[in-house]
Amino acid sequence: MNLSGRALGPLLRDESFDPTHDLLVVVDDTALDVGRLRYRDRGSSGGHNGLKSIEATLRTQEYPRLRIGVGAPASGTDLADWVLSPFAKADAAVVKALLPDVVDAIRSWMEDGGAAVGNRFNT
């Protein structure tokens, strides 16, 4: 996941590809509480290695992303261990319950655009 930008190589060779309109990155976010969604049209990686890779490949921060909150690790817990570990039972239930909203957000982005997603799902 830390090298997510590599998957964009073939798209970049297509002159009609516009990452501001043709790409939605869905990513976990430890800065958001478990089960929270946040949509942005652009922005920094926030330290997320997968987003850093995408930015390096695209050479821009101008691409939409939908962040899914997974909560912060406990003090002293390695971040990589945290994001690669199974959810706690209660957190897993929250994330599972969120999946229909994630699908709706993606569908809304495709059909109605980013502003509609932000208005509906950014809480």
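The figures that follow rest on heavy atoms only: side chains count, while hydrogens, waters and symmetry mates do not.
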Single-linkage hydrophobic cluster, 4.5 Å side-chain cutoff, L8 and V25 together | yes
Group every Ile, Leu, Val, Met, Phe, Trp and Tyr by side-chain heavy-atom contacts under 4.5 Å, then state whether L58 and V27 land in the same group.
->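 As far as the 4.5 Å side-chain criterion goes, V27 and L58 are connected within one cluster.
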From CA spacing to verdict: side-chain contact (heavy atoms from CB on, under 4.5 Å), N49, L51 = CA-CA 5 Å; N49 289 330; L51 294 180; over 6 Å; no
Contacts of type side-chain contact (heavy atoms from CB on, under 4.5 Å), residue [X], not counting sequence neighbours:
{"X": "D101", "value": "L37, L98, D104, F121"}
{"X": "S44", "value": "Q61"}
{"X": "I106", "value": "L24, V26, L66, V102, M110"}

Could you tell me whether the side chain of L23 reaches within less than 4.5 Å of the side chain of F17, counting heavy atoms only?
->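 Of all side-chain heavy-atom pairs linking L23 with F17, at least one is under 4.5 Å.
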How far does [atom1] of [X] sit from [atom2] of [Y], to the nearest 0.5 angstrom?
{"X": "D22", "Y": "L11", "atom1": "CG", "atom2": "CG", "answer": "8.5 Å"}
{"X": "T30", "Y": "W82", "atom1": "OG1", "atom2": "CH2", "answer": "9.5 Å"}
{"X": "N122", "Y": "R36", "atom1": "CG", "atom2": "CZ", "answer": "7.5 Å"}
{"X": "D91", "Y": "K96", "atom1": "CG", "atom2": "NZ", "answer": "14.5 Å"}
{"X": "R6", "Y": "T57", "atom1": "CZ", "atom2": "OG1", "answer": "9.0 Å"}
{"X": "H21", "Y": "E62", "atom1": "NE2", "atom2": "CD", "answer": "10.5 Å"}

So, for S53 and S4, which heavy atoms are closest and what is the spacing to 0.1 Å?
-> OG-N, 3.4 Å
Between L32 and V70, does a side-chain contact (heavy atoms from CB on, under 4.5 Å) hold up when you go through it step by step?
-> CA-CA 6 Å; L32 295 176; V70 296; over 6 Å; no
Residue pair R40, R42: steps toward the side-chain contact (heavy atoms from CB on, under 4.5 Å) verdict = CA-CA 5 Å; R40 296 285 186 261; R42 65 189 65 78; over 6 Å; no
Test side chain to side chain donor-acceptor pair (under 3.5 Å) applied to [X] - qualifying residues, sequence neighbours left out:
{"X": "T20", "value": "D18"}
{"X": "S75", "value": "none"}
{"X": "D81", "value": "none"}

D33 CG: over 12 foreign heavy atoms closer than 6.0 Å |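 For D33, atom CG is not crowded (no more than 12 foreign heavy atoms under 6.0 Å).
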Spell out, as yes or no, whether a donor-acceptor pair under 3.5 Å connects the side chain of D41 to the backbone of P64.
-> no
Under 3.5 Å donor-acceptor, R65 side chain and Y63 backbone =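 Pair found, side chain donor or acceptor close to backbone of Y63.
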